[in-house]
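As structure tokens, the structure follows; a few thoughts come after it.
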Amino acid sequence: MRIDVVSIFPEYLAALDLSLIGKARQQGLLELTVTDLREFTGDRHRTVDDTPYGGGAGMVMKPEPWALALAAALRAGHGGADPAAPAPVGSAPVGTAGGGRPVLVVPSPAGEVFTQATARELALREHLVFACGRYEGIDERVVDWAGEHFEVRPTSLGDYVLNGGEVAVLAMVEAIGRLVPGVVGNPESLVEESHSDGLLEYPVYTKPAVWRERPVPEVLLSGHHGRISRWRRDRQLQRTAARRPDLVAALDPAVLDRSDRAVLAEEGWVVAGEHVVRADPSGHDAPGAPVA
Ligand code: ADE
């Protein structure tokens, strides 16, 4: 997979040299380039912003440096060739081999919310370009223009406002990158983590068996795989009900066995037809023990 990040603060992305993502880059599993948007300015001051038409607070990022930077990223994704040039007769259409069109991710609090499903989808693509906006955002015409060359995805990390896209890109590249085959050494660890099956992860423990008078739950020392799996599944259901009722409401009843349904009932949820709903529709005092 190839990833290009364009930012006016390329140093912000230095963390992508570290840990699993840094290792994946060294191993050639991820080809990741960070480019300074100011390289694509034409004036002495390397200006990237200007005042907004229509008035209002703050500054808006100028379109031309973005168009030049994104065109350079497109070319880089085509091994330096001009993606607009006619393809040699008999060759596959540009950008359609394997991972489809290049994807332009524009981090923005006004985008669609990034989830594990988004990460899974983007991990299958061959070329991702991230455009880190700052100030009040990028001139909207860049998005229109980019739509001719990319699949454009305005994407939000969540319902809060950051100072720019860089922190969001760090999070997204990590979430996507770790799903690229080979990046995480033991692929089994991707199976049982939070959000992999619509539930939060179960609690985990390590040695010592008793720590500051707190013992590890007995069942985990039993060596009984069936009981351990059931205990973990129960904790997942309880935790998800306590912390993320929106995820419980999105569960498909087809994935819930009798024991799952009994645990959910204790937490105040029942299966009604094709949905999981609150037993008490007012949604307030659902019963159930406190959750670890
Ligand atoms: N830029 C500013 N706020 C953001 C957010 N919540 N998600 C993604 N990019 C952003």
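Because only heavy atoms are used, hydrogens play no part in the values below, and waters and symmetry mates are left out as well, while side chains stay in. Every value quoted in this text rests on a predicted model; they were computed, and no experiment measured them. Read the numbers this way: they start at 1 and go in the same order the structure lists the ligands and their atoms.
- The protein atom (non-hydrogen) at minimum distance from atom 7 (N) of ligand 1 is Leu157 N, 2.8 Å.
- The Thr155 neighbourhood of ligand 1 comprises atoms 8 (C), with distances under 4.0 Å to a heavy atom of that residue.
- For ligand 1, the atoms lying closer than 4.0 Å to a non-hydrogen atom of Ala168 are 8 (C), 9 (N).
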| task | Give the C-alpha distance, both sets of side-chain angles, the deciding distance and a yes or no for side-chain contact (heavy atoms from CB on, under 4.5 Å) between Leu70 and Phe150. | result | CA-CA 10 Å; Leu70 297 178; Phe150 296 89; 4.2 Å; yes

| Yes or no on side-chain contact (heavy atoms from CB on, under 4.5 Å) for Arg232 and Leu220, after CA distance, side-chain angles and deciding distance? | CA-CA 9 Å; Arg232 286 179 165 166; Leu220 298 180; 4.3 Å; yes

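- Here Lys23 does not pair with Asp17 in a salt bridge; the nearest charged N to carboxylate O distance is not below 4.0 Å.
- Residue contact check: Ser156 has heavy atoms under 4.0 Å from atoms 6 (N), 7 (N), 8 (C) of ligand 1.
- Atom 2 (C) of ligand 1 has its nearest heavy-atom neighbour, among Val167, Val169, Asn163, Leu162, in Leu162.
- Closest heavy-atom contact between Leu104 and Ala131: CD1-CB, 4.1 Å.
- Distance check: Glu11 CD to Glu166 CD gives 10.0 Å after rounding to the nearest 0.5 Å.
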| said: For Gln236 and Arg233: C-alpha separation, side-chain torsions, deciding distance, then whether side chain to side chain donor-acceptor pair (under 3.5 Å) applies. | reply: CA-CA 5 Å; Gln236 282 191 279; Arg233 176 88 176 165; 4.6 Å; no

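- Within the listing of ligand 1, atoms 1 (N) sit less than 4.0 angstrom from a heavy atom of Gly164.
- In this structure, the protein non-hydrogen atom closest to atom 9 (N) of ligand 1 is Ser108 N, 3.1 Å.
- Distances below 4.0 Å separate heavy atoms of Pro107 from the following atoms of ligand 1: 8 (C), 9 (N).
- Leu237 contributes atom CG, which lies 8.5 Å from atom CD of Glu267 (distance to the nearest 0.5 angstrom).
- For Gly165, no nitrogen or oxygen atom sits less than 3.5 Å from a nitrogen or oxygen atom of ligand 1, counting backbone and side chain alike.
- The pair Asp257-Arg230 counts as a salt bridge, with a side-chain nitrogen and a carboxylate oxygen less than 4.0 angstrom apart.
- Looking at atom 10 (C) of ligand 1, its nearest protein heavy atom turns out to be Pro109 CD, 3.6 Å.
- The atoms of ligand 1 that sit less than 4.0 Å from any heavy atom of Tyr160 are 3 (N), 5 (C), 6 (N).
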